[in-house]
**Q** 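Below is a structure I'd like to ask you about.
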Amino acid sequence: MSVRTRFAPSPTGFLHIGGARTALYCWLEARHHGGSFVLRVEDTDRERSTDEAVQAILDGMRWLGLDADEGPFYQTERLDRYREVAEQLLAAGKAYYAYETPQEIDAMREAARAKGEKPRYNGYYRDRNEPYRDDPHRVIRFKNPQSGSVVFHDKVKGRIEWSNTELDDFVLFRSDGFPTYNFAVVVDDLDMGITEVIRGDDHVNNTPRQINVYEALGAPVPTFAHLPMILGEDGQKLSKRHGAVGVMQYREDGYLPHALLNYLVRLGWSHGDQEIFSIEEMVRLFDIADVNASAARFDMAKLGWLNQQYLKNEDPARIAPELEWHLRRIGIDPSTGPAPAEVVPALCDRVQTLKDMAERARVWYAPIAEWDDKAVAKHLKSATASAVLEAARDGLRTLDAWQPEPIHELVQRIAERLELGMGKVAQPLRVALTGTQVSPSIDHTIYLAGRDEAIRRVEHALAISRAG
RNA sequence: GCUCCCUUCGUCUAGUGGCCUAGGACACCGCCCUCUCAAGGCGGGAACACGAGUUCGAGUCUCGUAGGGAGCGCCA
């Protein structure tokens with residue numbers, strides 16, 4: 001039987017980091033086995049579901065490259081089907097109508113809690129066989145087995161056993177005519193032929209109930225894999241006010257999708273000592289059974305390191321479009337300076353994100369906006385600065401090929417001729433070109449500025465130098 | 001309260017009874033390289049939550065304790 005997995009987010013917010021990892025593992029598991037990956041939107045919560053959230057999730061998945069083979073399917077479009085299955089259960093005597101008001105249910109829970117028991121529904125209408133009545137509080141409840149236990153072998157947690165006495169007759173259909181989650185997932189996973197359910201471990205507790213529904217339906221039970229949650233850097237649960245952001249925020253912060261995917265795949269899963277995985281390697285090596293059972297913390301420092309690995313090792317031509325996107329975001333027109341593909345190698349050793357890279361690249365696209373006073377005082381007002389700048393201006397004017405290598409040789413010749421160390425030559429030039437003491441190697445810094453602009457800046461610095 | 005789950009360096013992890021004087025990576029510290037900043041190279045400190053038991057032998061198996069988490073909805 002071919003493997004079929006699904007990612008089933010509820011559209012109540014953006015695709016966050018935990019959801020992204022779940023989606024990745026589902027996708028990987030399907031791809032690894034040559035199976036199918038299905039996307040399903042669980043939107044039966046009409047109060048909180050929004051179209052914007054659906055779009056945000058779709059955007060996030062597309063950016064990450066987690067393409068679905070089927071879907072997205074929407075639960076709200078399958079209402080008739082849930083109704084049909086519920087009727088089937090009703091007819092088979094495996095479900096029943098109940099008419100308690102919310103207040104009565106609350107009172108029931110309070111009473112149970114007061115006795116030190118688990119708050120649950122007491123099954124009042126279970127075997128009462130009352131005639132059907134139209135009632136605003138009418139719900140359909142599942143007749144959960146009252147003895148025995150449910151055992152399943154979770155692919156990440158191992159064997160889990162649950163006594164049926166812990167389970168109550170949960171609601172299948174709400175009084176508003178919508179199915180509940182625990183019922184809709186089963187019907188959906190069944191109809192969609194899902195063979196492996198991979199989801200967050202906050203669903204472990206629901207699994208026994210769902211298995212009972214499968215069995216009541218006489219249907220095959222899929223395998224389950226419950227992923228531990230991802231904690232914030234401080235070890236606290238991620239929440240809106242605690243660092244939980246959508247994956248698209250990571251794009252804005254300058255991370256590459258591949259780097260994020262690589263970070264996520266290693267959070268809870270590993271393959272020996274390997275840290276860097278191409279997408280193909282992930283697909284080939286990933287096995288849901290190798291996923292760890294314990295929660296992991298999100299570590300920005302490591303994500304940053306990984307992102308830089310990709311910045312350094314991927315083809316600059318492939319990174320260039322993303323850099324352009326970031327340049328435009330900070331108001332820079334990429335056509336007013338060097339080709340982004342040439343900027344990438346100059347800065348990839350110096351930044352961890354594309355956002356920082358764009359910021360640092362600004363010197364080649366816009367005039368120097370601000371001069372570092374200390375840099376000017378130290379390197380432009382020094383005794384030898386004017387001579388260096390003068391020599392550089394003349395040399396740059398007559399240089400044959402405008403390439404880093406000849407520029408490098410020119411700088412070296414100036415150092416030799418003036419009998420100065422490289423530091424005494426490079427630093428004044430660096431300040432001249434950037435207004436600061438920090439930049440890529442001096443030859444690349446000059447090269448990327450372009451000949452005219454480089455000479456203009458050197459002349460300007462020379463004026464400052466002489467004035468001092 | 002009840003049920004279920006989790007527990008190896010600061011962090012992510014390797015480890016499936018002897019190969020472990022517990023390995024790698026990030027982070028941190030030091031040295032080297034060096035035109036700045038980085039990157040890179042080399043080196044360093046740093047962990048099996050605790051207690052019993054099983055066994056010739058336990059990070060690895062069992063039980064308990066502690067700590068953490070999840071769930072107990074007409075939310076998903």
Side-chain angles (χ1 to χ4, degrees), chain A residues 8-12 42-45 47-49 75 98 100-102 105-106 109 112-121 137-141 154 157-158 160-163 165-168 170-182 184-185 199-208 226 228-229 231 233 235 237 263 266-276 292-306 308 312 347-351 360 375 379 408 411-412 415 421-431 434 436-443 445:
Chain A
S10 58
T12 54
E42 309 212 321
D43 56 352
T44 49
D45 181 354
E47 313 264 298
R48 300 191 299 159
S49 298
Q75 290 189 321
E100 284 86 359
T101 63
I105 298 289
D106 283 345
R109 289 204 188 90
R113 221 182 267 271
K115 280 194 289 182
E117 287 167 9
K118 214 164 171 172
R120 342 180 301 162
Y121 175 66
H137 298 299
R138 184 200 63 234
V139 298
I140 298 175
R141 283 185 182 269
D154 192 283
K157 304 272 183 187
I160 293 176
E161 177 168 1
W162 215 284
S163 172
T165 56
E166 290 297 324
L167 274 21
D168 65 354
F170 71 99
V171 171
L172 257 28
F173 250 85
R174 303 185 229 159
S175 53
D176 64 4
F178 279 76
T180 60
Y181 166 77
N182 276 313
V185 254
R199 72 225 306 194
D201 72 0
D202 46 334
H203 290 289
V204 179
N205 307 279
N206 293 320
T207 307
H226 288 97
M229 58 188 304
L231 272 17
E233 303 229 62
K237 184 181 175 177
Y263 180 73
R266 280 284 288 103
L267 209 56
W269 173 86
S270 63
H271 179 71
D273 289 338
Q274 190 170 343
E275 296 287 349
I276 310 286
N292 281 148
S294 55
R297 291 193 195 200
F298 192 84
D299 183 6
M300 281 303 265
K302 188 150 186 180
L303 205 214
W305 173 79
L306 261 171
Q308 185 173 40
K312 285 164 51 150
L347 288 172
C348 67
D349 284 338
R350 296 167 171 79
V351 297
R360 300 271 297 260
H379 299 294
H408 179 71
V411 174
Q412 272 186 325
M422 274 298 270
K424 285 286 182 196
V425 179
Q427 284 305 81
L429 285 170
R430 193 171 333 262
V431 178
T434 69
T436 74
Q437 305 189 62
V438 178
S439 85
S441 63
I442 195 60
D443 48 356
T445 300

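This is a predicted model, so every value here is computed, not measured. In what follows, chains carry the letters A, B, and so on, assigned in the order in which the sequence lines appear, proteins first and then strands, with residues in each chain numbered from 1. For the numbers below, each heavy atom of this structure counts, side chains included, while hydrogens, waters and symmetry mates do not.
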**Q** Which nucleotide, if any, forms a Watson-Crick or G-U wobble pair with B:C72, using both distances under 3.5 Å?
**A** B:G1
**Q** What nucleic acid atoms does A:H203 come within less than 4.0 Å of, heavy atoms only: base, sugar-phosphate, or nothing?
**A** base
**Q** Taking only residues two or more places apart in sequence or in another chain, which ones pass salt bridge (charged side-chain N to carboxylate O under 4.0 Å, His left out) with A:D443?
**A** none
**Q** When the distance from CG of A:D202 to C1' of B:A76 is rounded to whole Å, what number comes out?
**A** 8 Å
**Q** Whole angstrom is fine here: how far is it from CG in A:N182 over to P in B:C75?
**A** 11 Å
**Q** Between B:G41 and B:G24, how far is it from one P atom to the other, in whole Å?
**A** 15 Å
**Q** Only counting residues at least two apart or in another chain, list the ones meeting side chain to side chain donor-acceptor pair (under 3.5 Å) with A:Y121.
**A** A:E100
**Q** In whole angstrom, give the distance that lies between atom CG of A:D443 and atom P of B:C35.
**A** 12 Å
**Q** For residues 294-306 of chain A, dump all side-chain donor-acceptor pairs below 3.5 Å to protein atoms at least two apart in sequence or in another chain.
**A**
| residue | atom | partner | partner atom | Å |
| --- | --- | --- | --- | --- |
| A:R297 | NH1 | A:E233 | O | 3.2 |
| A:D299 | OD1 | A:A301 | N | 3.2 |
| A:K302 | NZ | A:E275 | OE1 | 3.2 |

**Q** Could you give the NE2-to-C1' distance, from A:H226 to B:A76, as a whole number of Å?
**A** 13 Å
**Q** For the P atoms, the ones on B:A39 and on B:C50, what distance do you get once it is rounded to whole angstrom?
**A** 36 Å
**Q** Could you give me the CA-CA distance, side-chain angles and deciding distance for A:S439 and A:T434, then say whether side-chain hydrogen bond (donor to acceptor under 3.5 Å, both in side chains) is met?
**A** CA-CA 7 Å; A:S439 85; A:T434 69; 5.2 Å; no
**Q** Taking only N/O atoms, report every protein-nucleotides 60-63 of chain B pair under 3.5 Å with atom names and distance.
**A**
none

**Q** Between A:R141 and B:C74, is there a side-chain N or O to OP1/OP2 distance below 4.0 Å?
**A** yes
**Q** Identify the pairs formed between an N or O of the protein and an N or O of nucleotides 30-33 of chain B at a distance under 3.5 Å, and give each distance.
**A**
none

**Q** Is there any protein nitrogen or oxygen under 3.5 Å from a nitrogen or oxygen in nucleotides 39-41 of chain B, and what are the pairs?
**A**
| residue | atom | partner | partner atom | Å |
| --- | --- | --- | --- | --- |
| B:A39 | O4' | A:D349 | O | 3.2 |
| B:A39 | O3' | A:K312 | NZ | 2.7 |
| B:A39 | O2' | A:K312 | NZ | 2.8 |
| B:A39 | O2' | A:D349 | OD1 | 3.3 |
| B:G40 | OP1 | A:K312 | NZ | 3.4 |

**Q** Between B:A58 and B:A52, how far is it from one C1' atom to the other, in whole Å?
**A** 13 Å
**Q** For B:U60, which nucleotide is its Watson-Crick or G-U wobble mate, given both distances must be under 3.5 Å?
**A** none
**Q** Whole angstroms only, please: what is the NZ-C1' distance between A:K424 and B:U36?
**A** 13 Å
**Q** Once you apply the 3.5 Å cut-off to both distances, tell me the Watson-Crick or G-U wobble partner of B:U65, or none.
**A** B:A49
**Q** Using Watson-Crick or G-U wobble geometry with both distances under 3.5 Å, which nucleotide pairs with B:G43?
**A** B:C29
**Q** Grab the CE-P distance between A:M300 and B:A27 for me, whole Å please.
**A** 13 Å
**Q** Could you tell me whether A:Q412 contacts a base, only the sugar-phosphate backbone, or nothing, with contacts defined as non-hydrogen atoms closer than 4.0 Å?
**A** nothing
**Q** Considering only B:C74, B:U36, B:A76, which nucleotide approaches the side chain of A:S10 most closely?
**A** B:A76
**Q** In the strands shown, is B:A22 matched to any nucleotide by a Watson-Crick or G-U wobble pair with both distances under 3.5 Å, and which?
**A** none
**Q** Under 4.0 angstrom, heavy atoms only, what part of the nucleic acid is A:T436 near: base, sugar-phosphate, or nothing?
**A** nothing
**Q** A:L231 has an atom CG; how far is it from atom C1' of B:G67, in whole Å?
**A** 14 Å
**Q** Atom CZ of A:R266 and atom CD of A:Q274: how far apart are they, to the nearest 0.5 Å?
**A** 9.0 Å
**Q** If I take atom CG from residue A:L429 and atom NZ from residue A:K424, how far apart are they, to the nearest 0.5 angstrom?
**A** 13.5 Å
**Q** Give a yes/no answer on whether the side chain of A:K237 brings an N or O atom under 4.0 Å of OP1 or OP2 in B:A70.
**A** yes
**Q** Run the ring-ring contact (aromatic ring centres under 6.0 Å, His included) test against A:F170 and tell me which residues pass, sequence neighbours left out.
**A** A:F142
**Q** Which is more 5' along RNA chain B, the nucleotide nearest A:Q437 or the one nearest A:V171? Just name the residue.
**A** A:Q437
**Q** So what does A:P440 touch, heavy atoms closer than 4.0 Å: a base, only the sugar-phosphate, or nothing?
**A** base
**Q** Determine the Euclidean distance between corresponding P atoms of B:G23 and B:A14; express it in Å to zero decimal places.
**A** 15 Å
**Q** Rounded to whole angstrom, note down the C1' distance from B:A25 over to B:C9.
**A** 12 Å
**Q** Quick one: list whatever passes salt bridge (charged side-chain N to carboxylate O under 4.0 Å, His left out) with A:D176, sequence neighbours left out.
**A** A:R46, A:R174
**Q** Applying a 3.5 Å limit to both distances, which nucleotide forms a Watson-Crick or G-U wobble pair with B:U55?
**A** none
**Q** What is the distance from atom OG1 of A:T436 to atom CD of A:Q427, rounded to the nearest 0.5 Å?
**A** 9.0 Å
**Q** Please list, pair by pair, any protein nitrogen or oxygen found under 3.5 Å from a nitrogen or oxygen in nucleotides 18-21 of chain B.
**A**
none

**Q** Once you round to the nearest 0.5 Å, how far does CD of A:Q412 lie from CE of A:M422?
**A** 5.5 Å
**Q** Whole Å only: how far is the CD atom of A:E233 from the P atom of B:A27?
**A** 13 Å
**Q** How far, in whole Å, is B:U65 from B:A76 if one measures between their P atoms?
**A** 36 Å
**Q** On a whole-Å scale, what distance lies between the P atoms belonging to B:U13 and B:U7?
**A** 11 Å
**Q** Distance check, rounded to the nearest 0.5 Å: A:N206 atom CG versus A:R199 atom CZ?
**A** 6.5 Å
**Q** Among all residues two or more places apart in sequence or in another chain, which pass the salt bridge (charged side-chain N to carboxylate O under 4.0 Å, His left out) test with A:R109?
**A** A:D106
**Q** When rounded to the nearest 0.5 angstrom, what distance separates CG in A:L172 from CD1 in A:I140?
**A** 7.0 Å
**Q** Sticking with atom P, work out how far B:U11 lies from B:G69, rounded to a whole angstrom.
**A** 15 Å
**Q** Classify A:V139 by what it touches in the nucleic acid, base, sugar-phosphate, or nothing, heavy-atom distance under 4.0 Å.
**A** base
**Q** Please name the nucleotide paired to B:A14 by Watson-Crick or G-U wobble geometry with both distances under 3.5 Å, or report none.
**A** none
**Q** For A:R109, which contact category applies under a 4.0 Å heavy-atom criterion: base, sugar-phosphate, or nothing?
**A** sugar-phosphate
**Q** Please write out each protein N/O paired with an N/O of nucleotides 10-15 of chain B under 3.5 Å, distance rounded to 0.1 Å.
**A**
| residue | atom | partner | partner atom | Å |
| --- | --- | --- | --- | --- |
| B:C12 | OP1 | A:R297 | N | 2.9 |
| B:C12 | O2' | A:R266 | O | 3.0 |
| B:U13 | OP1 | A:G268 | N | 2.5 |
| B:U13 | O3' | A:S270 | OG | 3.1 |
| B:A14 | OP1 | A:S270 | OG | 3.1 |

**Q** Name the pairs: protein N/O against N/O of nucleotides 3-5 of chain B, kept only if under 3.5 Å.
**A**
| residue | atom | partner | partner atom | Å |
| --- | --- | --- | --- | --- |
| B:U3 | O4' | A:E166 | OE1 | 3.4 |
| B:C5 | O2' | A:K157 | NZ | 2.9 |

